[in-house]
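Scroll down for the structure; my scribbles are underneath it.
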Amino acid sequence: MLALAGAQTAGAATVGPAAEQAQEQAERAAGTARSGDVIATYKGKKINLTANGWGTAGNCTEFPDLTVQCFDREDEEKAATASYKKAKKGTKDAIADAPAGRSDLTAQSATAGAMAVQVDGDGSGCTPYGAVRLWEHTWYYGRQLTFYSDGSKNLGDYTFRDQTSSICNNDESGGAALYDWRTGMPDPQIITGWVGCLGNLHSYSYPYGGDWGDKADELTM
């Protein structure tokens with residue numbers, strides 16, 4: 001769950017932009033449960049996402065116990081998630097069952113000059129309950145990266161830095177923030193509201209010029 005910082009406390013010491021930026025990054029990093037390279041299971045073998053990338057995998061999922069599995073197809077990911085839920089049910093690393101009124105989140109894809117329509121397979125913004133999902137391309141196409149565990153995610157560790165163009169947030173509660181790391185100036189963020197999606201980050205203005213497409217270095221959820 002993303003907790004947004006409140007206003008500065010009255011009487012607090014004034015700090016320069018670089019120091020403030022470093023402090024904010026440190027506070028977000030304190031919520032990172034993972035350390036070291038991200039090692040995933042793909043086709044029965046271990047691959048180092050951080051050092052060697054995804055290979056031919058189409059989607060990767062980090063489960064609540066911080067294990068990562070990668071797949072060629074979405075049906076493989078769904079089967080692995082169902083198996084994980086069954087194995088971990090009742091433990092601290094369980095994927096929670098959706099309460100009444102909540103379910104998987106299905107976004108809507110869109111094409112230029114046409115009304116938004118729901119689509120199946122590639123281009124579907126379907127995001128399981130309890131997860132935040134990122135896509136490489138707009139409107140939920142391309143490689144997809146899914147997270148179930150709250151905290152700060154350095155997307156470079158997953159070879160997904162500067163590669164996010166759409167996002168869905170179906171976490172149990174709270175927003176999901178994408179940050180772009182800057183040097184000597186505040187890190188911009190764009191927040192995806194609870195039970196919401198941003199299908200085309202290229203359509204959102206970026207504070208320092210341009211747009212938010214392929215800008216995200218960090219996810220906080």
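Scope of the values below: all heavy atoms of this structure, side chains included, with no hydrogens, waters or symmetry mates.
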What distance separates [X] [atom1] from [Y] [atom2], expressed to the nearest 0.5 Å?
X: N170; Y: M221; atom1: CG; atom2: CE; result: 10.0 Å
X: D157; Y: E62; atom1: CG; atom2: CD; result: 9.5 Å
X: T192; Y: L198; atom1: OG1; atom2: CG; result: 4.0 Å
X: H202; Y: D214; atom1: NE2; atom2: CG; result: 4.5 Å
X: L134; Y: C168; atom1: CG; atom2: SG; result: 9.5 Å

For [X] versus [Y], what's the shortest heavy-atom pair and its separation?
X: L155; Y: T164; result: CD1-OG1, 4.1 Å
X: P188; Y: Y208; result: CG-CE1, 3.3 Å
X: N169; Y: A176; result: ND2-N, 3.6 Å
X: A177; Y: Q189; result: CB-OE1, 3.7 Å

- Which is it for N59 and E76 under the side chain to side chain contact (heavy atoms under 4.5 Å, CB included) test, yes or no, and what are the steps along the way? CA-CA 10 Å; N59 65 69; E76 295 173 337; over 6 Å; no
- Query: How about Y158 and F160: are their ring centroids closer than 6.0 Å?
  - Reply: no
Can [X] and [Y] be counted as an ion pair, charged N to O under 4.0 angstrom?
X: R102; Y: E172; value: no
X: K92; Y: D65; value: no
X: D162; Y: K215; value: no

Under 3.5 Å, side chain of [X] to main-chain N/O of [Y], donor-acceptor pair present?
X: D37; Y: N48; value: no
X: D180; Y: Y206; value: no
X: S165; Y: G213; value: no
X: D171; Y: V132; value: no

- Task: Begin with the C-alpha distance, continue with both residues' side-chain angles, and end with the deciding distance and a verdict on side chain to side chain contact (heavy atoms under 4.5 Å, CB included) for W54 and C60.
- Result: CA-CA 8 Å; W54 291 39; C60 293; 3.6 Å; yes
- Item | F147 vs K153, side chain to side chain contact (heavy atoms under 4.5 Å, CB included): CA-CA, chis, key distance, verdict | CA-CA 9 Å; F147 294 99; K153 318 294 181 180; 3.8 Å; yes
Looking only at side chains, do [X] and [Y] share a donor and an acceptor under 3.5 Å apart?
X: Y141; Y: S166; value: no
X: T220; Y: E218; value: yes
X: D211; Y: S205; value: no

Is any side-chain heavy atom of [X] less than 4.5 Å from a side-chain heavy atom of [Y]?
X: P207; Y: W212; answer: yes
X: P128; Y: R133; answer: yes
X: L201; Y: T138; answer: no
X: Y84; Y: D93; answer: yes
X: T81; Y: F63; answer: yes
X: E77; Y: T61; answer: yes

- Classify the ring geometry between W135 and Y140 as parallel (under 30°), tilted (30 to 60°) or perpendicular (over 60°). perpendicular
